[in-house]
Protein chains: 2
Amino acid sequence: MYEKALETLRNNNVRITPQRQIILKYLINHDNHPSVDTIYEALKQEFSNLSIATIYNTLQLFEKLDIIIALPAEDGGIRYDFFGSPHFHAICDNCGEIEDIDFPNYKQLKQELAKEAMDQAGFQTNKIHIEVFGLCKNCREELAKKR
Amino acid sequence: MYEKALETLRNNNVRITPQRQIILKYLINHDNHPSVDTIYEALKQEFSNLSIATIYNTLQLFEKLDIIIALPAEDGGIRYDFFGSPHFHAICDNCGEIEDIDFPNYKQLKQELAKEAMDQAGFQTNKIHIEVFGLCKNCREELAKKR
DNA sequence: CTTAATGCAAACGATTTGCACCGCC
DNA sequence: GGCGGTGCAAATCGTTTGCATTAAG
């Protein structure tokens with residue numbers, strides 16, 4: 001997983017700097033869908049003179065290389081997610097939490113969507129991106145209690 | 001379509017102001033996926049003292065009421081889309097254009113995704129949101145020429 | 001060595017906010 | 001006529017930029 005991502009960097013002639021390594025490790029080891037600031041706060045302790053501009057740069061780079069994906073968040077900001085295995089996102093309308101849901105039949109779904117896009121608009125699909133919105137388990141239970 | 005949206009406003013005890021009406025009409029009559037600024041530039045001519053803050057307010061309101069949906073754009077900004085009939089979006093990695101693609105089997109797909117979200121996380125799905133990324137027809141042809 | 005990458009601080013710009021006024025219901 | 005909505009301008013804050021410095025390959 002980590003190695004595969006480094007491989008991607010090498011294949012694109014991107015230098016493997018310590019900053020990129022710790023940001024990558026952070027993304028792999030945390031499934032909390034961090035914001036730029038969350039990452040910055042977490043890493044500046046062990047890497048005191050880490051610049052927030054570097055984090056912006058690095059995340060944009062990783063996204064371009066399809067190592068991570070960007071998601072829209074409740075507050076209008078952006079969250080990032082290491083994209084090791086295909087999954088989609090369930091985003092709670094109440095608390096804003098983002099949960100990963102595994103795709104049972106990712107390839108098939110992708111093909112179906114790609115076919116429609118091609119048939120209707122001559123659009124060539126490279127990747128797909130799915131979110132569902134609603135209520136997470138906790139919020140459902142909380143709201144049920146209240147009435 | 002227009003009436004149905006007004007109905008939604010009434011049902012939520014939201015006042016139907018001239019500003020909300022022209023913004024709504026604009027969204028229905030344009031499938032260009034406008035940004036806040038695009039809408040502002042277009043409408044301030046016929047409504048000279050229209051405030052950009054009102055547009056922000058109105059769009060946020062419409063989105064909350066599921067009259068429109070917000071999409072992430074190429075440049076990091078946000079575009080809006082009147083959501084009359086179920087469709088997903090094909091976003092070109094090269095030129096940033098957003099195209100609407102009709103869902104052939106929207107309900108079935110929604111059910112499948114909702115089932116996974118429920119089974120895996122106890123998440124109750126209200127709406128789904130799908131984008132595919134790749135190359136639009138024009139860009140494919142352009143890029144083919146160049147080599 | 002060469003050149004990409006980083007850190008820093010300043011600049012930017014989209015979005016939000018506070019408040020007085022207005023007008024929909 | 002009450003209160004939600006609007007317009008305006010200022011404030012905010014996430015993100016980008018320019019440039020000198022550093023270090024990866």
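These values consider heavy atoms only, across backbone and side chains, with no hydrogens, waters or symmetry-generated copies. In what follows, chains are A, B, ... by sequence order, proteins preceding strands, each numbered from 1.
- Under 4.0 angstrom from either OP1 or OP2 of D/dT6 there lies at least one side-chain N or O belonging to B/R20.
- To the nearest angstrom, P of D/dG7 lies 9 Å from OH of B/Y40.
- For the OP1/OP2 pair of D/dT15 and a distance below 4.0 Å, the side-chain nitrogens and oxygens of A/Y56 include at least one atom meeting the criterion.
- Regarding contacts with the backbone of D/dA23, every side-chain N or O of A/Q19 stays at 4.0 angstrom or more from both OP1 and OP2.
- The separation between B/L50 atom CG and C/dC22 atom P is 17 Å, rounded to whole Å.
- The nearest pair of heavy atoms linking B/G96 to B/I91 is O-CG2, 4.4 Å.
- What separates CG of A/N12 from P of C/dA4 is a distance of 15 Å, to the nearest Å.
- Checking the phosphate oxygens (OP1, OP2) of D/dT15, no side-chain nitrogen or oxygen of A/Q60 falls inside 4.0 Å.
- Residue A/T17 places no side-chain N or O under 4.0 Å from the OP1 or OP2 atom of C/dA4.
- Remark: C1' of C/dA4 and NZ of A/K64 are 14 Å apart, rounded to the nearest angstrom.
- Checked against a 6.0 Å centroid threshold, the rings of B/H89 and B/H33 count as neighbours.
- Counting all heavy atoms, side chain and backbone alike, B/F82 lies closest to B/L27 at CB-O, 3.5 Å.
- Side-chain nitrogen and oxygen atoms of B/S51 include none within less than 4.0 Å of the OP1 or OP2 phosphate oxygen of D/dC8.
- Mapping B/S48 and A/G77 onto DNA chain D by nearest heavy atom places B/S48 at the nucleotide closer to the 5' end.
- Comparing B/I52 and A/I55, the nucleotide of DNA chain C nearest to each residue sits closer to the 5' end for A/I55.
- Distance alone, capped at 3.5 Å, is enough to place a donor-acceptor pair between the A/R20 side chain and the A/R15 backbone.
- Computed from coordinates, the A/N57 CG to C/dT6 P distance equals 7 Å when rounded to whole Å.
- Spacing between atom CD1 of B/I78 and atom C1' of C/dT16 amounts to 13 Å, rounded to whole angstrom units.
- DNA chain C is contacted by both A/N13 and B/D37; A/N13 maps to the nucleotide lying nearer its 5′ end (nearest heavy atom per residue).
- Here C/dC24 presents its C1' atom at 13 Å from CZ of B/R10, a figure rounded to the nearest Å.
- Each of B/K115, B/K110, B/Q108 was evaluated against B/E112; a single residue qualifies, B/Q108, per the side-chain hydrogen bond (donor to acceptor under 3.5 Å, both in side chains) test.
- A donor-acceptor contact under 3.5 Å is formed by the side chain of A/R15 with the base of C/dA4.
- Atom-to-atom, CG of B/L59 to P of D/dG5 comes out at 15 Å; the value is rounded to the nearest Å.
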